[in-house]
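Data first, discussion second: the structure below is written as structure tokens.
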Amino acid sequence: MPASHDGLWSIGELAGHAGVTVKTVRFYSDRGLLPEASRSAGGHRRYGPDALDRLRLIRSLRALDLPVPEVRRVLDEEDAWGAALEDAVAGRLRALGSQLRALRWREAALRLVRECPPGERAARLRLLGAVDTPPSTAPLARFWRAWLPPRMPARSTAAFLEATVPQPPDDPEPAQVLAFARLHALVTRPCPAGEQPQPEAHRTAGARGAAVLYAALAEAYELAGPHLLREREPHAGEALDGFVAAYASAYGTRDTPGFRRLLAGQLAADPRLDRYWELVAVLNTPPGGRPGPTPGSAHDWLLAALRAQIAEAA
């Protein structure tokens, strides 16, 4: 690839060696990515032989869909294969991951509309149209934050949200898309007049007591999980004792038969979130899989065990 007599190439020569158009070379030059070595007497751009390697590198980076500012950062780094390139590639991978996830959700949503009876399509479209793609869990988190006692410690709130807000699958089935859309509709609907939005425990225990309560309940739910997986009937044992102890500790009282009777009555009167947990189970269950325990199903199992124990004692 001989250069001109002065060892420099014109913009046309550089474009020809690189296999690109003159317009492309001018574009990168005008943006400072491809410096000129000099200008001819007539004002034409002249490039040194090293410009060819730089232009090829620019094209390779752009082929990875890196934006011009990212390409500039990579080129400005002394080691072109160093941290700036790693950061740029990592950023593009994150962006592509989000785009692919959005496409998979759109595909599942389209299949959901196609597969439902014609008479249900308008309602399905309204449900799906209210949900971002890819879906955001922010409305679910807002629902639970409003449900929790005010001024509950931030660390306890974060742990509670981690347990109660499901993460949408990256590659969902239509049924999971529908479950998430219904969850979104459930948590964003106006609260009916007169409906009690919070359990009695919040008013009795207060913010810090509720934090203690939910930390202890998480342990009781974990102990109940294997019983649910084995489909065992609700019964007394370590899980139930931990469940009752969580409430007794939050209320500052002792676990006695009388307290268990009062607790069973109170929990029966608390607002129900069964539909929420039914939808979470659908969302969390992989295709062909078996639904796993949720905090809601564990709570129901433990409450049934408490009632059974009280009935047996009576």
Side-chain angles (χ1 to χ4, degrees), residues 140 143-144 147-149 156 159-166 175-176 179 182-183 186-187 191-192 194-205 209-286 289-314:
L140 280 66
F143 168 82
W144 286 112
W147 189 83
L148 289 170
S156 300
F160 181 90
L161 293 177
E162 184 176 355
T164 55
V165 175
Q176 292 173 306
R182 285 174 170 163
L183 265 178
L186 180 68
V187 301
C191 186
E195 181 177 291
Q196 173 54 254
Q198 294 184 330
E200 177 64 30
H202 290 181
R203 292 187 296 278
T204 305
V212 173
L213 170 65
Y214 287 119
L217 284 179
E219 296 179 6
Y221 295 159
E222 187 173 350
L223 290 172
H227 300 299
L228 275 83
L229 288 172
R230 296 182 178 88
E231 298 183 348
R232 292 176 177 169
E233 290 295 319
H235 59 272
E238 184 182 7
L240 176 58
D241 290 343
F243 180 69
V244 175
Y247 283 98
S249 176
Y251 291 171
T253 189
R254 294 184 302 110
D255 177 4
T256 64
F259 176 74
R260 293 198 175 209
R261 288 193 296 272
L262 289 172
L263 180 62
Q266 177 195 303
L267 296 179
D270 275 344
R272 305 297 301 170
L273 298 171
D274 294 339
R275 183 57 175 159
Y276 182 94
W277 295 114
E278 289 170 4
L279 293 169
V280 168
V282 174
L283 190 65
N284 287 345
T285 304
R290 181 180 172 187
T294 65
S297 63
H299 182 92
D300 288 347
W301 189 92
L302 289 163
L303 178 54
L306 178 59
R307 288 172 176 164
Q309 184 186 58
I310 293 170
E312 183 178 347

**OP:** Measure across L223 and H227 and return the closest heavy-atom pair with its distance rounded to 0.1 Å.
**Re:** O-CD2, 3.5 Å
**OP:** Check A201 against L213 and note the closest heavy-atom contact, atom names and distance.
**Re:** CB-CD2, 3.8 Å
Original post:
What is the minimum heavy-atom distance between A220 and F243, and which atoms define it?
Top reply: CB-N, 3.6 Å
Subject >> Atom pair CZ/CG of F143 and L148 - distance to nearest 0.5 Å >> reply: 10.0 Å
**OP:** Walk me through it: do L302 and Y221 pass the test side-chain contact (heavy atoms from CB on, under 4.5 Å)?
**Re:** CA-CA 8 Å; L302 289 163; Y221 295 159; 3.7 Å; yes
Original post:
About how many Å separate CG of L303 and CG of L263, when rounded to the nearest 0.5 Å?
Top reply: 8.0 Å
Original post:
Does any non-hydrogen side-chain atom of L183 lie less than 4.5 Å from one of P166?
Top reply: yes
**OP:** Would you indicate whether the side-chain heavy atoms of W277 and D300 approach each other to under 4.5 Å?
**Re:** no
**OP:** Mind checking the CG-NE2 spacing from L267 to H299? Nearest 0.5 Å is all I need.
**Re:** 5.0 Å
Subject >> Under 3.5 Å donor-acceptor, T164 side chain and F160 backbone >> reply: yes
Subject >> Point-to-point distance, once rounded to the nearest 0.5 Å, from OG1 of T294 to CG of L279 >> reply: 11.0 Å
**OP:** Taking Q176 for its side chain and T285 for its backbone only, find out whether a donor-acceptor pair lies under 3.5 Å.
**Re:** yes
**OP:** Verify side-chain contact (heavy atoms from CB on, under 4.5 Å) between L217 and Y247, making sure each step is shown before the conclusion.
**Re:** CA-CA 8 Å; L217 284 179; Y247 283 98; 3.7 Å; yes
Original post:
Within a reach of under 6.0 Å around CZ of R254, are more than 12 heavy atoms found that belong to other residues, nucleotides or ligands?
Top reply: no
Original post:
CG of L262 to CD1 of I310: how many Å apart, nearest 0.5 Å?
Top reply: 9.0 Å
Original post:
For the residue pair L229 and P293, what are the closest heavy atoms and their distance?
Top reply: CD2-CD, 3.6 Å
Original post:
Would you say the ring centroid of W147 lies under 6.0 angstrom from that of Y276?
Top reply: no
Subject >> Contacts of type side-chain contact (heavy atoms from CB on, under 4.5 Å), residue E200, not counting sequence neighbours >> reply: R203, T204, Q266, D270
Original post:
To the nearest 0.5 Å, what is the distance between CG (L186) and CG (L140)?
Top reply: 8.5 Å
Original post:
Among all residues two or more places apart in sequence or in another chain, which pass the side-chain contact (heavy atoms from CB on, under 4.5 Å) test with A236?
Top reply: L240, Q309
**OP:** Give the minimum heavy-atom separation between A305 and P234, together with the two atoms involved.
**Re:** N-CB, 3.4 Å
Original post:
At their closest point, which heavy atom of E233 faces which heavy atom of H235, and how far apart are they?
Top reply: O-ND1, 2.8 Å
